[in-house]
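Residue numbering restarts at 1 for every chain, and letters A, B, ... go by the order of the sequence lines. Everything quoted here is computed from the prediction, not taken from an experiment.
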There are 2 protein chains.
Amino acid sequence: MNKREAMVLLKNKGYKHTDKREDILDLFDRKNGYLSAKDIQSELKGDYPGISFDTIYRNLSLFQDLMILEETELDGEKIYQFHCTEHHHHHLICLRCGKTRTIDVCPMQDLSQIDPEFQVTGHKFEIYGYCKSCRDKMAKEKFEGGIHDSITVSPST
Amino acid sequence: MNKREAMVLLKNKGYKHTDKREDILDLFDRKNGYLSAKDIQSELKGDYPGISFDTIYRNLSLFQDLMILEETELDGEKIYQFHCTEHHHHHLICLRCGKTRTIDVCPMQDLSQIDPEFQVTGHKFEIYGYCKSCRDKMAKEKFEGGIHDSITVSPST
DNA sequence: ATACATGCAAACAATTTGCATATTA
DNA sequence: TAATATGCAAATTGTTTGCATGTAT
């Protein structure tokens, strides 16, 4: 799912086009990863200083009902990203920027008979860590912080 | 970890013995699975009609700090069970009674090189469903019209 | 014009905290 | 008694809802 498809779906279902709605979807399009309500609010408050969380939550909830977005939870916060309809999969999730990378491996495939007594109805498998780009940034931050903390100073870029 | 070990640990660390504390640990001992703050409150309000959530939360948090309990999240609720120190593992979690069963399979073992650029720091793998006992009960309730509704911790000896 | 979308404020639920009191060692 | 545990009430955080208004079709 992406913004364009989502906009078409909304239109077909009779939902109205609004700038905020489009901009929320646009954020997801550009992000390619998870966003929380708070993320969205802080991204959009530039263009819409008065944007309210109700609107964001209502749209996230609508998008989820329409299978535009899928939800998961991280640290007690609900986070969303575009729903992937094609096939079952899991994600690497960057804890710093929220970007995700799909992995096609599913651990359930190998677990046919863990416990025949237990009726499996669902599972959650997520891998957390830091993407290359964030690691680079973190390394740089550390470097710059180190310079400020130490007495000897060499120019930073 | 179990109640007895936990009590010893608490004593050694200088924490005081209280009935509530003991009874909370006792619940976990008898439960062998996950409990939420709400579960604990509803189990203990018989003996302690005025038991407050602050006490429960404070104790859960203490137990977690002391590695007596481990925490996970289900449906936006924090749930706890005894911490298992021996080895890394995952759980089957019954969505009805909260009981868990440890499984030794870890999907990460097979995923050495999913993405060399991504630095993995953690993962979550949980399997949800219904245990044998709950499936039996649910089948029975279907007949009887289902008035039974308890967290099923049998009386202590 | 009408149905849907939004903002406001208030309600919620889960969890946390300050402070006075009660309890354990 | 001295340190810790608890209860109360109030604060916090994330999320939801009722209602009046605003806006897209």
Side-chain angles (χ1 to χ4, degrees), chain A residues 6-27 34-66 68-81 98, chain B residues 6-27 34-66 68-80 98 151:
Chain A
M7 298 295 288
V8 172
L9 181 61
L10 284 170
K11 177 156 216 172
N12 289 346
K13 293 266 183 181
Y15 295 98
K16 296 187 175 164
H17 172 275
T18 70
D19 290 346
K20 283 164 194 165
R21 211 162 250 178
E22 176 161 7
D23 284 2
I24 290 174
L25 291 169
D26 209 55
L27 276 182
Y34 282 111
L35 289 167
S36 67
K38 216 176 356 175
D39 292 335
I40 294 169
Q41 202 268 349
S42 67
E43 285 291 331
L44 293 189
K45 73 179 172 212
D47 290 327
Y48 310 99
I51 191 163
S52 62
F53 276 104
D54 349 290
T55 300
I56 295 170
Y57 280 117
R58 264 189 278 238
N59 279 316
L60 287 175
S61 168
L62 170 66
F63 295 160
Q64 201 189 353
D65 291 345
L66 297 178
I68 291 171
L69 296 180
E70 63 183 59
E71 175 199 293
T72 190
E73 245 177 274
L74 191 58
D75 284 329
E77 224 185 17
K78 291 182 183 171
I79 54 177
Y80 302 83
Q81 74 164 14
Chain B
M7 297 297 285
V8 172
L9 181 60
L10 284 170
K11 178 157 215 172
N12 289 346
K13 292 266 184 183
Y15 294 98
K16 296 185 174 165
H17 173 274
T18 71
D19 289 348
K20 283 165 193 164
R21 211 163 251 178
E22 176 160 6
D23 284 2
I24 290 174
L25 290 169
D26 209 55
L27 276 181
Y34 282 109
L35 290 166
S36 67
K38 216 172 1 176
D39 293 335
I40 294 169
Q41 202 268 348
S42 67
E43 284 292 330
L44 293 189
K45 73 181 173 209
D47 290 325
Y48 310 99
I51 191 164
S52 62
F53 275 105
D54 348 292
T55 300
I56 295 169
Y57 281 118
R58 264 189 277 239
N59 278 317
L60 288 175
S61 168
L62 171 66
F63 295 160
Q64 202 189 351
D65 290 345
L66 297 178
I68 291 172
L69 296 179
E70 64 183 59
E71 173 199 294
T72 190
E73 247 179 272
L74 192 56
D75 283 329
E77 225 186 15
K78 290 182 185 174
I79 55 178
Y80 300 84
I151 300 190

| said: On DNA chain C, compare the nucleotides closest to S36(B) and T55(A); which residue's is nearer the 5' end? | reply: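 Here T55(A) is the residue nearer the 5' end.
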Please report the distance, rounded to the nearest Å, between [atom1] in [X] and [atom2] in [N].
X: Q41(A); N: dT13(D); atom1: CD; atom2: P; result: 14 Å
X: K78(A); N: dG14(D); atom1: NZ; atom2: P; result: 13 Å
X: D19(A); N: dG22(D); atom1: CG; atom2: P; result: 17 Å
X: I79(A); N: dT15(D); atom1: CD1; atom2: C1'; result: 16 Å
X: L62(B); N: dT6(D); atom1: CG; atom2: P; result: 9 Å
X: Y15(B); N: dA3(D); atom1: OH; atom2: P; result: 15 Å
X: Y57(B); N: dT6(D); atom1: OH; atom2: C1'; result: 16 Å
X: N12(A); N: dT25(D); atom1: CG; atom2: P; result: 13 Å

| task | Hey, which sits more toward the 5' end of DNA chain D by its nearest nucleotide, K11(A) or A37(A)? | result | A37(A)
Output the distance between atom [atom1] ([X]) and atom [atom2] ([Y]), rounded to the nearest 0.5 Å.
X: Y15(A); Y: N59(A); atom1: OH; atom2: CG; result: 10.5 Å
X: I56(B); Y: E43(B); atom1: CD1; atom2: CD; result: 11.0 Å
X: S61(B); Y: K78(B); atom1: OG; atom2: NZ; result: 8.5 Å
X: L25(B); Y: I68(B); atom1: CG; atom2: CD1; result: 6.0 Å

| task | Anything under 4.0 Å to a heavy atom of chain B counts; send over the first and last such nucleotide of DNA chain C, read 5' to 3'. | result |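 For DNA chain C, the relevant span reads dA14(C) to dA25(C).
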| field | Nearest-nucleotide pick for S52(B), side chain only, options being dA3(D), dG7(D), dT6(D) | value |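 For S52(B), the side-chain atoms sit closest to dG7(D).
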| Side-chain donor-acceptor pair under 3.5 Å between D19(A) and Y48(A), yes or no? |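 Y48(A) and D19(A) do not have a side-chain donor-acceptor pair below 3.5 Å.
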| query | Would you say T18(B) reaches dT6(D)'s phosphate, i.e. side-chain N/O to OP1/OP2 under 4.0 Å? | reply |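 For T18(B), the contact criterion (side-chain N or O under 4.0 Å from OP1 or OP2 of dT6(D)) is met.
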| query | Does the side chain of K38(A) get closer than 4.0 angstrom to OP1 or OP2 of dG14(D) through an N or O atom? | reply |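 Yes, within the criterion.
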